[in-house]
Amino acid sequence: MATALLIRGLIAGLIAGLLVFAIGRFVGEPQVDRAIAFETAMDEAKAKAAVAAGHPAEELDVELVSRPHQAGWGLFTGTMVYSTAFGGLFALVFGFIYGRVGVADARLIALLLASGGFVAAFVVPDLKYPSNPPSVGEPDTIGIRTAMYFLMMACSIGGLVGAVAIRQNLAKRHGLWNATLIGAAFYVVFAAVVMVILPVVQEVPPGFDAVVLWRFRLATIAMQFVMWTTLGLLFGVLAEQALYGRTSAATAIRPERSFR
């Protein structure tokens, strides 16, 4: 059964990748082009200022991969690999929690898992470290910026796991609704504390077009939302077929589940 779920997760991830690529190609890439044009203009201005001051101008970096390839096959490969990997991981997590969360409906579990993944793995980290076009930021700090983002993501996911554990432990004693509220409150407070502790990273250069930055971030949000929504809805259907059978998915009697 684990193999069947994994295959369905990869299929859902592939389909999600196609949708994500379409958004990135036609919504996100134009903003990247505008950001690159801004960076190029800044580099040229610095070079002219250096020459005027009698200093040798720095040589501009040579593109190893052309922009058409970056925006085409490069973006396609990246989004497909990324979404497919998340689809496989999504299926593995689904298989682990199925029967352990007090919910027996495969579609509902998949939708809840996708909602939690979208919030914990993207929304909360993005609130602390919002996405910027590739040309924005100092090249020398890309390592620390990436590390801080993934640290925020790891803390957010860990906080969500802790919130679910709290909900499960308190459900019998305080009721499902109260336990859910307590778990949610724990996650909000935990995420807020982590955001305050982690350092602020602000490297958007002065004069950068705010509209371009905003549209790029909207495109990023749309790509993530579509990926997680597709995984939640499509994988839920595929998982239901794998668990209950293709012909009886709509009428099968789900096994009773209890809190553990």
Report summary line: CZ (Phe86) and OG1 (Thr230) are apart, to the nearest 0.5 Å, by 14.0 Å

Query raised in the report: Less than 6.0 Å separating the ring centroids of Phe90 and Phe94?
Result: no

Query raised in the report: Does atom CD1 of Ile97 have more than 12 heavy-atom neighbours, drawn from other residues, nucleotides or ligands, at distances under 6.0 Å?
Result: yes

Query raised in the report: What distance separates Met148 CE from Thr146 OG1, expressed to the nearest 0.5 Å?
Result: 10.0 Å

Query raised in the report: How far apart are the closest heavy atoms of Leu5 and Ala242, and which atoms are they?
Result: CD2-CB, 4.4 Å

Requested in this report: With rounding to the nearest 0.5 Å, note down the distance linking CG in Leu75 to CE in Met80.
Outcome: 11.0 Å

Query - Minimum side-chain heavy-atom gap Leu14-Ser83 below 4.5 Å - result: no

Query raised in the report: Taking atom CZ of Arg107 and atom CG of Leu243, what is their separation to the nearest 0.5 Å?
Result: 12.0 Å

Report task. Run the numbers on Ile182 and Arg167 for side-chain contact (heavy atoms from CB on, under 4.5 Å), then give the verdict. Result -> CA-CA 7 Å; Ile182 294 172; Arg167 172 187 176 275; over 6 Å; no

Query raised in the report: Would you say the side chain of Leu19 lies within less than 4.5 Å of the side chain of Ile23, judging by non-hydrogen atoms?
Result: no

Report task. Applying side-chain contact (heavy atoms from CB on, under 4.5 Å), run through Leu18 and Phe76 and close with a yes or a no. Result -> CA-CA 8 Å; Leu18 293 173; Phe76 177 80; 3.9 Å; yes

Query raised in the report: Do you know the tightest heavy-atom contact between Ala110 and Gly232?
Result: CB-O, 3.4 Å

Query raised in the report: Less than 4.5 Å apart, any side-chain heavy atom of Ser156 and any of Val194?
Result: no

Requested in this report: Evaluate the criterion side-chain contact (heavy atoms from CB on, under 4.5 Å) for residue pair Phe122 and Thr220; output intermediate values, then yes/no.
Outcome: CA-CA 10 Å; Phe122 174 71; Thr220 303; 4.0 Å; yes

Query raised in the report: Is any side-chain heavy atom of Met152 closer than 4.5 Å to a side-chain heavy atom of Tyr129?
Result: yes

Requested in this report: Spell out, yes or no, whether Leu231 and Ile11 are grouped together once hydrophobic residues are joined by side-chain heavy atoms under 4.5 Å, including indirect joins.
Outcome: no

Query raised in the report: Is there a side-chain contact between Val119 and Leu160 (heavy atoms, below 4.5 Å)?
Result: no

Query raised in the report: For Phe225, does the CZ atom sit with more than 12 other heavy atoms under 6.0 Å from it, leaving out its own atoms?
Result: no

Query - Minimum heavy-atom distance Tyr244-Ala106, with the two atoms named - result: OH-N, 3.8 Å

Query - In one Ile/Leu/Val/Met/Phe/Trp/Tyr side-chain cluster, 4.5 Å: Phe96, Ile109 - result: yes

Query raised in the report: Less than 4.5 Å apart, any side-chain heavy atom of Met227 and any of Tyr82?
Result: yes

Report task. Decide side-chain contact (heavy atoms from CB on, under 4.5 Å) for Val200 and Lys128; before the verdict, give the C-alpha distance in whole Å, the side-chain angles of both, and the deciding distance to 0.1 Å. Result -> CA-CA 8 Å; Val200 175; Lys128 176 64 179 179; 3.9 Å; yes

Query - Gap separating the OG1 atom of Thr180 from the NE2 atom of His174, nearest 0.5 angstrom - result: 12.5 Å

Query raised in the report: Is there a chain of hydrophobic side chains (I, L, V, M, F, W, Y, each step under 4.5 Å between heavy atoms) that links Val20 to Leu233?
Result: no

Query raised in the report: Do Arg217 and Asn132 come close enough that some side-chain heavy atom pair is under 4.5 Å?
Result: yes

Report task. Spell out, yes or no, whether Leu151 and Ile157 are grouped together once hydrophobic residues are joined by side-chain heavy atoms under 4.5 Å, including indirect joins. Result -> yes

Query raised in the report: Is there a side-chain contact between Tyr187 and Val124, using heavy atoms and a 4.5 Å cut-off?
Result: yes

Report summary line: In this structure, CG of Leu113 is separated from CG of Leu108 (nearest 0.5 Å) by 11.0 Å

Query raised in the report: Quick one: do Trp228 and Leu127 end up in the same hydrophobic cluster if we chain Ile, Leu, Val, Met, Phe, Trp and Tyr together by side-chain heavy atoms under 4.5 Å apart?
Result: yes

